[in-house]
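Have a look at the structure below, then the notes.
Model, not experiment: these values are computed from the prediction. Residue numbers start from 1 in every chain, and the chains themselves are labelled A, B, ... in the order their sequence lines are given, proteins ahead of strands. These values consider heavy atoms only, across backbone and side chains, with no hydrogens, waters or symmetry-generated copies.
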There are 2 protein chains.
Amino acid sequence: MATQKRVRIKDIAKLAGVSAGTVDRIVHNRGNVSKKSREAVEKVLKEVNYRPNIHMSSISLKKKYDILFVSPKFVEGEYWGSIYTGVLRALDEFENINVSCKKLTYNQYDVFNCKEVYSKALKLEYDAVIIGPIFQKETQVFCSQLTEKGIPYVFVDSDVDQTSPIAYFSANHYISGYLMCKLINSIMKSGKKDIGIMQAMRVGNESANSTILRKSGFQDYLVENKLQSKIHKIPFSATEPEKNEGMFDEFFEENKDIGGIVVLNSRGNVIANYLNKKKIDNIKLVCVDLTNENIKSLKNGIIDFLIGQKPERQGYLAMKFLLEHLIFKMPVMVANILPLDILTKETIDLYREFNDLVYLDQYND
Amino acid sequence: MATQKRVRIKDIAKLAGVSAGTVDRIVHNRGNVSKKSREAVEKVLKEVNYRPNIHMSSISLKKKYDILFVSPKFVEGEYWGSIYTGVLRALDEFENINVSCKKLTYNQYDVFNCKEVYSKALKLEYDAVIIGPIFQKETQVFCSQLTEKGIPYVFVDSDVDQTSPIAYFSANHYISGYLMCKLINSIMKSGKKDIGIMQAMRVGNESANSTILRKSGFQDYLVENKLQSKIHKIPFSATEPEKNEGMFDEFFEENKDIGGIVVLNSRGNVIANYLNKKKIDNIKLVCVDLTNENIKSLKNGIIDFLIGQKPERQGYLAMKFLLEHLIFKMPVMVANILPLDILTKETIDLYREFNDLVYLDQYND
DNA sequence: CTGTTAGCGCATTCAC
DNA sequence: GTGAATGCGCTAACAG
């Protein structure tokens, strides 16, 4: 009753006046089909909305698929780790498909290392790539070389201009920054009016695309709402954390009117730990990404709102769509923008309990 | 690499020294098995963590399952409609399983009608029931009669005391109320301090369990945080909406210090539309449930935060778990508490785009 | 080029 | 009470 009976390959064969084998050859673009048969089958396919049953396919599929996963280095519980967990979950769900997934990671704070890893990646053999991009230009070069070799790729976390991925899976970073600005303003109580923004220092002086977009959304909210808050950049080092406390001490010495801080990258815990240590509790804090460290700070009340980007789902969908594309050459939607999760101390536990899946795998290259 | 090769029924058969047919008889509790075989197989099952492949099972399954869905009346886009949509989505995903789902609905504001529908339900034939409960006592009676007949049931939206469902799928309504109280307080600006709570009038004067729990969470937040806000109940009628405007006029005439309103049931749009019509824009509003009407008010800025309870997912999981239970008699987790979504004007569109699935079915009984 | 056939994991039926 | 045989939708190898 709910949905009409799904049409099978056998039905299509009958309607087109050919055998099941021929239909299968066409669906999988496997050649050796006469023009006449192809046209007859494609005509039927257009009429009947054939949705191949991937579970049935995978059981009898013999081909092996090699996928490469390239992203910033990570450990479990970090943003990129969750993306990878999603990738593994997709592999688990489609366990009958014979696919191997090789992982290659680079230092996201060092453009030179990223370049190195990309060229290392080009020497390997695989059917498709999942890319977690940080550096725009380097990724563009990498992608154009993949295109030359005829290898399809998808992005997770961000899209990259001037590339042609099969699909990408990301949050809307602009809206994310816009939202974070709204949230910090709506919870800052009258009195101290200034807002701080954390800024990571990188080798190569390039900021991640996602952070740039968030900053732009942040600014636009201020302008659209004619807010007069003074904005202060707070520098910090992701690679040499021991330097941070000194820098923060200096900053807060000079800026006494900070009423709220927004962290537009996933390292919110850096400032949260500082505020906690110094027992500063009159500064509101809005951060992004459900890293283990950020979650800890959300739970103990230092972070007020934490924005989640569903990294696990991004990875899951990327692998799932990639497999569907490889197997069925199905047209997939290119832009896949996932919703933003707004989390508080009250909701984080339920969120994790429900989304967490235990993976005991080692996260090794 | 990701996960160890899944063990198949054939593997178990070999390990236990019996044939695949025998293993299947045991897995499906179908009898006609010697004690010796049963013990051998069960021993192996314990050791190897057999996860039957439901997709492979369903293809060769011949049995037909009849499911009954009982809930408050709804139209598309309302809370209960989304739950039903999730049920249909599960049926679509497991299309190979031969299952029919009959729908029966009652007036959630009229306990007598609910009773009638429950007794009508008891006269039908089915293998299991999905219940959306509103009235506690009546549901308890219904459930005890189901238990007598040996018919399993699951709840969506709420659990009900003194019943033994296979499982239930709901939000934590207590936390939901607690959270709504925190949100309204964090965004109310100094000045007007009082908070209003909307209260639906019902035939039978029984409030839904979910609303009672939310109220309790709401109160506890106030107490724990030693907040002095004065709380005002604002009565409204869900069944005779034309009476509301007069009641609200009267209420706001008498209470000038309302700075925020919380609606602990899904009818937030009732007060939102009123505030919009009267151009009152200095009252913050926090509501629950993503009904089409509530979403409209969120988008035009009348509602500040809207709490979502993932009704679609509740319905989906209820049907999915029920089928798994019926087919495999698998032990399912009884309490399934879904996370709460916090939505704002900025995030609602992404949320809907991503979660919406088009179902062209008619919502008829 | 194309139809036929075997086999994937599983539930079920049918001889033994 | 049990193993062997069949068929589900699909892919892949094979024989024409």
Closest heavy-atom pair, B:T105 versus B:V117, reported as atoms and distance to 0.1 Å, is O-CG2, 3.6 Å

For A:I337 against B:F354, the heavy-atom pair lying closest together: O-CD1, 3.6 Å

Please lay out, stage by stage, how B:D66 and B:S100 fare under the test side-chain hydrogen bond (donor to acceptor under 3.5 Å, both in side chains). CA-CA 5 Å; B:D66 292 307; B:S100 89; 2.7 Å; yes

Quick test of your reading: applying salt bridge (charged side-chain N to carboxylate O under 4.0 Å, His left out), list the pairs with at least one residue in residues 9-19 of chain B, sequence neighbours left out, ordered by first then second residue. B:R8-B:D11

Could you go through residues 24-33 of chain B and list every donor-acceptor pair under 3.5 Å that involves a side-chain atom there, pairing it with any protein atom two or more places apart or in another chain?
unit_1	atom_1	unit_2	atom_2	d
B:D24	OD1	B:H28	ND1	3.3
B:D24	OD2	B:R30	NH1	3.2
B:D24	OD2	B:R30	NH2	2.9
B:H28	ND1	B:D24	O	3.3

First and last nt of DNA chain C near chain B, cut-off under 4.0 Å to heavy atoms, 5' to 3', are C:dG9 to C:dT13

Let me see the working for A:T85 and A:S82 under side-chain hydrogen bond (donor to acceptor under 3.5 Å, both in side chains), right down to the final yes or no. CA-CA 5 Å; A:T85 300; A:S82 302; 5.5 Å; no

Mind listing the side-chain donor-acceptor pairs of residues 317-330 of chain A below 3.5 Å, one per line with the distance, residues two or more places apart or on another chain?
unit_1	atom_1	unit_2	atom_2	d
A:K329	NZ	A:L326	O	3.4

With sequence neighbours excluded, what pairs up with A:N98 under the side-chain hydrogen bond (donor to acceptor under 3.5 Å, both in side chains) test? none

Does NZ or CZ of A:K103 lie under 6.0 Å from the centre of the six-membered ring of A:Y84, at an angle within 45° of the ring axis? yes

Taking the six-membered ring of A:Y118, is NZ or CZ of A:K120 closer than 6.0 Å to its centre and within 45° of its axis? no

Suppose we screen for ring pair (Phe, Tyr, Trp, His ring centres under 6.0 Å). Which residues come up paired with A:Y153, at least two apart in sequence or across chains? A:F155

Output all residues satisfying ring pair (Phe, Tyr, Trp, His ring centres under 6.0 Å) with B:Y168, sequence neighbours left out; order by chain, then residue number. none

Pull out every residue in residues 23-32 of chain B that has a heavy atom closer than 4.0 Å to any atom of DNA chain D, ordered by number, or say none. B:R25, B:N32

Taking DNA chain D as the partner, which of residues 36-43 of chain A come within under 4.0 angstrom of it by heavy atom? none

Spacing of [X] atom [atom1] relative to [N] atom [atom2], expressed in whole Å:
X	N	atom1	atom2	value
B:I97	D:dC8	CD1	P	18 Å
A:D11	D:dC8	CG	C1'	13 Å
A:M56	D:dG7	CE	C1'	12 Å
B:K10	D:dG3	NZ	P	15 Å

Bending between helix ends of the helix from C:dC1-D:dG16 to C:dC16-D:dG1 [5 pairs per end, 10° resolution]: 60°

So, the side chain of B:E312 versus the backbone of B:R89: is there a donor-acceptor pair under 3.5 Å, distance only? no

Hits for salt bridge (charged side-chain N to carboxylate O under 4.0 Å, His left out) against B:K43, two or more places apart or cross-chain, chain-then-number order -> B:E47

Kindly determine whether A:I54 and A:E93 satisfy side chain to side chain contact (heavy atoms under 4.5 Å, CB included), including the steps that lead there. CA-CA 11 Å; A:I54 193 166; A:E93 180 170 328; over 6 Å; no

In residues 57-67 of chain B, which residues come under 4.0 Å of DNA chain C by heavy atom? B:S57, B:I59, B:S60, B:L61, B:K62, B:K63

